[in-house]
Asks: 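Input: one structure, supplied below.
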Amino acid sequence: MTNRGVSLFLVLACIFVSTIASAKEKGNHHLPAVHVINALPKNSEPMDLQCDGEKILNAGEDYQWTVEENKLVYCEAFWGKLFASWHGFQPRRDVGHRAVYWLVKDTGFFLSWDNRSWVRKHLWETE
Ligand SMILES: *[C@@H]1O[C@H](CO)[C@@H](O)[C@H](O)[C@H]1NC(C)=O
């Protein structure tokens, strides 16, 4: 092979190897899950959630989906005359956690990484 041929071969080999490596990494990696749990009063009207597309959540329901670890996820919720917007997943805050839980109550939005200890991060707003 000529020098040019060797260089071209090496470049292609590198691209091939790195493509395989990144595909493998994706496959083995556990993507974090985000949960939004509607803990609003029972029998109150459902909440309209917009994070990962639109979702109508009844009281007691837990909606979960997986997210990319390095992408900000913007969420909005509407409940009667109230609304809120927040970061459902925020890489700087949440990276390294397998799951992010949001407990939505009439008193606000509570964050947990273990579904046990909760910290209120946001309040409902009125229009
Ligand atoms: C979170 O905790 C609640 C209350 O203990 C439990 O009912 C629920 O199944 C848990 N959810 C997950 C995803 O572990």
Side-chain angles (χ1 to χ4, degrees):
M1 263 197 263
T2 62
N3 275 348
R4 266 181 90 119
V6 169
S7 312
L8 185 62
F9 173 77
L10 286 177
V11 167
L12 291 176
C14 283
I15 291 172
F16 181 72
V17 166
S18 64
T19 306
I20 300 267
S22 80
K24 227 179 170 170
E25 196 178 304
K26 268 196 181 146
N28 292 338
H29 201 65
H30 284 283
L31 294 175
V34 176
H35 292 251
V36 178
I37 303 157
N38 181 339
L40 291 163
K42 283 191 177 54
N43 304 318
S44 66
E45 63 182 300
M47 170 176 80
D48 183 340
L49 177 71
Q50 302 185 5
C51 305
D52 171 47
E54 186 176 17
K55 189 79 196 161
I56 305 295
L57 276 190
N58 290 307
E61 283 188 317
D62 172 351
Y63 178 60
Q64 72 165 99
W65 74 101
T66 53
V67 298
E68 297 290 330
E69 207 153 45
N70 54 0
K71 272 200 203 138
L72 193 65
V73 175
Y74 180 74
C75 288
E76 287 181 309
F78 301 86
W79 183 55
K81 291 194 167 104
L82 302 177
F83 74 92
S85 65
W86 77 103
H87 292 153
F89 188 85
Q90 188 178 304
R92 263 173 54 144
R93 179 191 64 205
D94 300 323
V95 78
H97 295 284
R98 297 176 63 110
V100 177
Y101 298 87
W102 289 100
L103 196 61
V104 183
K105 298 188 174 195
D106 50 2
T107 51
F109 292 70
F110 297 75
L111 169 70
S112 173
W113 291 304
D114 60 5
N115 191 26
R116 280 167 166 270
S117 50
W118 303 93
V119 176
R120 182 160 66 181
K121 290 284 193 180
H122 297 279
L123 297 172
W124 287 101
E125 294 170 56
T126 48
E127 309 177 77

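Side chains included, hydrogens not; waters and symmetry mates left out as well; all remaining heavy atoms used. In each ligand, atom 1 is the first atom listed, and ligand 1 is the first ligand listed.
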Asks: Look at the rings of His97 and Trp113 and say which category their plane angle falls in: under 30° parallel, 30 to 60° tilted, over 60° perpendicular.
Replies: parallel

Asks: State whether Phe110 and Lys121 meet the cation-pi test: NZ (Lys) or CZ (Arg) under 6.0 Å from the six-membered ring centroid, and within 45° of the perpendicular axis.
Replies: no

Asks: Protein non-hydrogen atoms only, distance under 4.0 Å: does atom 4 (C) of ligand 1 have such a neighbour?
Replies: no

Asks: Quick one: look up the protein heavy atom nearest atom 13 (C) of ligand 1 and list residue, atom name and how far away it is.
Replies: His35 CE1, 3.5 Å

Asks: Does atom 7 (O) of ligand 1 have a protein non-hydrogen atom under 4.0 Å from it?
Replies: no

Asks: Report the relative orientation of the aromatic rings in Phe109 and Trp86; use parallel for angles under 30°, tilted for 30 to 60°, perpendicular for over 60°.
Replies: tilted

Asks: Before giving the answer on side chain to side chain contact (heavy atoms under 4.5 Å, CB included), spell out for Leu72 and Phe89 the whole-Å C-alpha distance, their side-chain angles and the decisive distance to 0.1 Å.
Replies: CA-CA 6 Å; Leu72 193 65; Phe89 188 85; over 6 Å; no

Asks: Nearest to atom 12 (C) of ligand 1, what protein heavy atom do you find, and at what distance?
Replies: Asn115 ND2, 3.3 Å

